[in-house]
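Take a look at the structure below.
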Amino acid sequence: FRDRLKNTKQLERQGTSGDMRYERVGDVTYIQWLDKRVVTVLSTMHSATDFIIKTRKRKVNGELQDVVYRKPLAVDYYKSHMGEVDVFDQLASSYRVLRRSKKFNKVIFCDLLEISTVNSYKLMVAWTDANPGVIDRPALYSQYDFWEQLVRRL
């Protein structure tokens, strides 16, 4: 991407809230949007011209007023779904399978193992919440308990 998009400080200093700049290379759109700080997003599914209209309260002349602004759809989509990624990262970091390895195959295998166990734990929790009483589990069934039972059954 071009050098002008790498310099976020220039956008912070010279831009106003709601300013945006973007570049498209192939299927990838690189979007920088100035809110209170510069928000940078890479997207293959959103266009830089897709916006959503939002309102927020801002102080104008010492009074709180509703201010209408345009927000890129890619930024809004990311903000609405980033919590799921944070939960996954938190669960995956709790019990790491592999610390370091020089063998690429081993790294990929251990990453896939972590991803599949975290996903199966989340599915099990969702299923037992939707179907109470079908499986006898303690109320606080931790990820460690799930890992332990998984290893014992293998």
Side-chain angles (χ1 to χ4, degrees), residues 1-101 104-132 137 139-147:
F1 294 100
R2 297 199 175 136
D3 291 334
R4 73 177 183 88
L5 295 176
K6 292 179 185 175
N7 188 359
T8 60
K9 297 212 184 278
Q10 177 189 11
L11 182 60
E12 283 182 0
R13 277 185 259 128
Q14 296 175 353
T16 59
S17 183
D19 284 352
M20 185 187 88
R21 57 188 182 182
Y22 67 93
E23 185 171 325
R24 187 167 185 94
V25 177
D27 291 340
V28 179
T29 305
Y30 180 91
I31 301 170
Q32 284 184 338
W33 176 67
L34 182 62
D35 192 19
K36 293 178 185 172
R37 294 193 178 128
V38 175
V39 178
T40 304
V41 178
L42 286 171
S43 178
T44 57
M45 63 185 275
H46 295 102
S47 169
T49 58
D50 296 335
F51 288 94
I52 188 166
I53 304 298
K54 295 278 199 168
T55 59
R56 74 163 50 135
K57 298 218 181 270
R58 288 267 170 112
K59 274 192 176 182
V60 178
N61 298 329
E63 293 183 22
L64 281 178
Q65 294 181 354
D66 286 336
V67 176
V68 177
Y69 66 99
R70 293 180 355 165
K71 185 179 196 179
L73 191 59
V75 174
D76 189 63
Y77 183 82
Y78 170 75
K79 286 191 163 255
S80 66
H81 291 85
M82 73 181 208
E84 298 166 11
V85 174
D86 291 339
V87 169
F88 177 82
D89 288 342
Q90 183 180 9
L91 288 171
S93 68
S94 298
Y95 306 104
R96 285 281 178 206
V97 175
L98 177 69
R99 298 285 185 220
R100 287 185 182 193
S101 178
F104 186 65
N105 297 346
K106 191 174 183 182
V107 171
I108 290 177
F109 174 77
C110 290
D111 283 347
L112 290 174
L113 183 64
E114 284 179 359
I115 291 168
S116 62
T117 53
V118 169
N119 286 342
S120 59
Y121 171 72
K122 291 291 287 177
L123 284 170
M124 187 272 309
V125 168
W127 190 82
T128 53
D129 288 347
N131 302 297
R137 300 244 190 267
L140 296 173
Y141 191 70
S142 70
Q143 186 182 5
Y144 178 80
D145 297 332
F146 179 79
W147 271 81

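The first residue of the sequence shown is numbered 1, and numbering continues consecutively from there.
- With sequence neighbours left out, the side-chain contact (heavy atoms from CB on, under 4.5 Å) criterion links V39 to W33, V41, V75.
- To the nearest 0.5 angstrom, T40 atom OG1 is 11.0 Å from Y78 atom OH.
- By the ring-ring contact (aromatic ring centres under 6.0 Å, His included) test, F146 pairs with Y121, sequence neighbours left out.
- Side-chain contact check for T117 versus W147: some heavy-atom pair is nearer than 4.5 Å.
- Of the inter-residue distances, the one linking I115 atom CD1 with S120 atom OG reads 12.0 Å to the nearest 0.5 angstrom.
- Within 6.0 Å of the NZ atom in K71, the count of heavy atoms belonging to other residues, nucleotides or ligands exceeds 12.
- Considering only residues two or more places apart in sequence or on other chains, T49 meets the side-chain hydrogen bond (donor to acceptor under 3.5 Å, both in side chains) condition with S47.
- Residues passing the side-chain contact (heavy atoms from CB on, under 4.5 Å) test with I53, sequence neighbours excluded: V68, R70.
- The CG atom of N119 sits 11.5 Å away from atom CD of E114, with the distance rounded to the nearest 0.5 Å.
- Partners of F109 by ring-ring contact (aromatic ring centres under 6.0 Å, His included), not counting sequence neighbours: none found.
- For R58, the salt bridge (Lys or Arg N to Asp or Glu O under 4.0 Å) partners two or more places apart in sequence, or in a different chain, are D35.
- The salt bridge (Lys or Arg N to Asp or Glu O under 4.0 Å) check on K57 picks up D66, with sequence neighbours excluded.
- In terms of the side-chain hydrogen bond (donor to acceptor under 3.5 Å, both in side chains) criterion, residue partners of Y69 (sequence neighbours excluded) are, by chain and number, R56.
- Of the inter-residue distances, the one linking K106 atom NZ with L113 atom CG reads 12.5 Å to the nearest 0.5 angstrom.
- Nearest heavy atoms, A48 versus I31: CA-CD1, 4.1 Å.
- Atom CZ of R24 and atom OG1 of T44 lie 9.0 Å apart (nearest 0.5 Å).
- Qualifying side-chain hydrogen bond (donor to acceptor under 3.5 Å, both in side chains) partners for S142, counting only residues two or more places apart in sequence or in other chains: D145.
- Among residues two or more places apart in sequence or in another chain, the side-chain contact (heavy atoms from CB on, under 4.5 Å) test is passed with L112 by I108.
- Looking at residues two or more places apart in sequence or on another chain, you find a side-chain contact (heavy atoms from CB on, under 4.5 Å) between N131 and W127, V134.
- Listed by first and then second residue, the salt bridge (Lys or Arg N to Asp or Glu O under 4.0 Å) pairs that reach into residues 44-54 are K54-D76, sequence neighbours excluded.
- At a threshold of 4.5 Å between non-hydrogen side-chain atoms, the residues V118 and Q143 count as touching.
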